Amino acid sequence: MAGPLTSGKVSSKVNLAKKTFAIVVAEWNEEITEALYDGAVTCLKSHGVKKENIIRKSVPGSFELSLGALWLAEEKKVDAVICLGCVIQGDTPHFDYICQAVAYGITQAGLKTRKPVIFGVITTLNHQQALDRAGGKFGNKGEEAALTAIKMLNF
Ligand code: DLZ
């Protein structure tokens with residue numbers, strides 16, 4: 001099922017050539033998160049964001065996205081932060097703790113800094129579902145996250 005942000009272009013009232021985006025990428029499930037990153041960068045560039053105004057930082061896992069995002073959002077030059085991660089369910093409740101913590105932490109980073117901090121984290125039951133959302137049959141969540149950041153800057 002598609003949401004309003006599936007893919008494509010949004011018209012921007014703000015001059016995106018003057019905006020700086022920070023992208024935090026989790027290293028866990030790297031194959032997926034790198035595909036999300038590619039989707040986000042392609043989307044930002046296609047909307048006129050300059051390559052030099054896209055900052056990339058890596059964190060070990062999705063749990064660390066919140067703090068990475070907070071640090072970046074606190075930087076004056078950063079206008080929006082996009083968090084990219086992929087949490088795949090295992091045999092233990094670990095999945096639930098990470099998903100809850102990262103959703104809460106990313107929300108807090110945005111509220112504390114009053115900047116858009118976008119939740120581009122795939123939470124799936126298996127690897128195939130993640131592939132489907134990282135450039136597969138359900139689009140690319142990284143691209144959606146980038147579109148969300150652009151929309152929030154136009155709020
Ligand atoms: C430990 C862990 C596990 C089991 N699974 C994932 C995952 O599916 N996706 C992800 O991004 N990170 C995972 N991690 C790592 C945690 O996010 C975190 O990096 C560690 O618990 C250290 O704080």
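Each ligand, and each atom within it, is numbered from 1 in the order the structure gives. We count residues from 1, following the sequence as given. All values derive from a computational prediction rather than experimental measurement.
In this structure, CG on Asn53 lies 9.0 Å from CZ on Phe21, to the nearest 0.5 angstrom. Rounding to the nearest 0.5 Å gives a distance of 9.0 Å between CD of Gln129 and CD1 of Ile88. Between atom OG1 of residue Thr124 and atom CG of residue Asn29 there is a gap of 7.5 Å, rounded to the nearest 0.5 Å. Residue Thr148 holds its OG1 atom at 10.5 Å from CD of Glu143, rounded to the nearest 0.5 Å. In this structure, the separation between CG on Leu65 and OG on Ser58 is 10.0 Å, given to the nearest 0.5 Å.
Heavy-atom proximity to Ile88, at under 4.0 Å, picks out these atoms of ligand 1: 8 (O). The contact set between ligand 1 and Phe63, taken as ligand atoms under 4.0 Å from a residue heavy atom, comprises 16 (C), 17 (O), 18 (C), 23 (O). Residue-ligand proximity, Cys86 to ligand 1, at heavy-atom distances under 4.0 Å covers atoms 7 (C), 8 (O), 9 (N), 10 (C), 11 (O). Residue contact check: Asn29 has heavy atoms under 4.0 Å from atoms 7 (C), 8 (O), 9 (N) of ligand 1.
Two residues are said to be in side-chain contact when any heavy atoms from C-beta on lie closer than 4.5 Å; Ser12 and Leu153 fail this criterion.
The proximity of Ile98 to ligand 1, defined as any non-hydrogen pair under 4.0 Å, is limited to the side chain.
Nearest to atom 2 (C) of ligand 1 among the protein's heavy atoms is Trp28 CZ2, 3.4 Å. Counting only heavy atoms of the protein, atom 11 (O) of ligand 1 lies nearest to Ser62 OG, 2.7 Å. The nearest protein atom to atom 20 (C) of ligand 1, hydrogens excluded, is given as Glu64 OE2, 4.1 Å; this is a heavy-atom distance. Closest to atom 1 (C) of ligand 1 among all protein heavy atoms lies His94 NE2, 3.4 Å.
Closest approach of Cys86 to Val121, counting heavy atoms only: N-CG1, 4.4 Å.
The distance criterion of under 3.5 Å between nitrogen or oxygen atoms is not met by Ala26 with respect to ligand 1.
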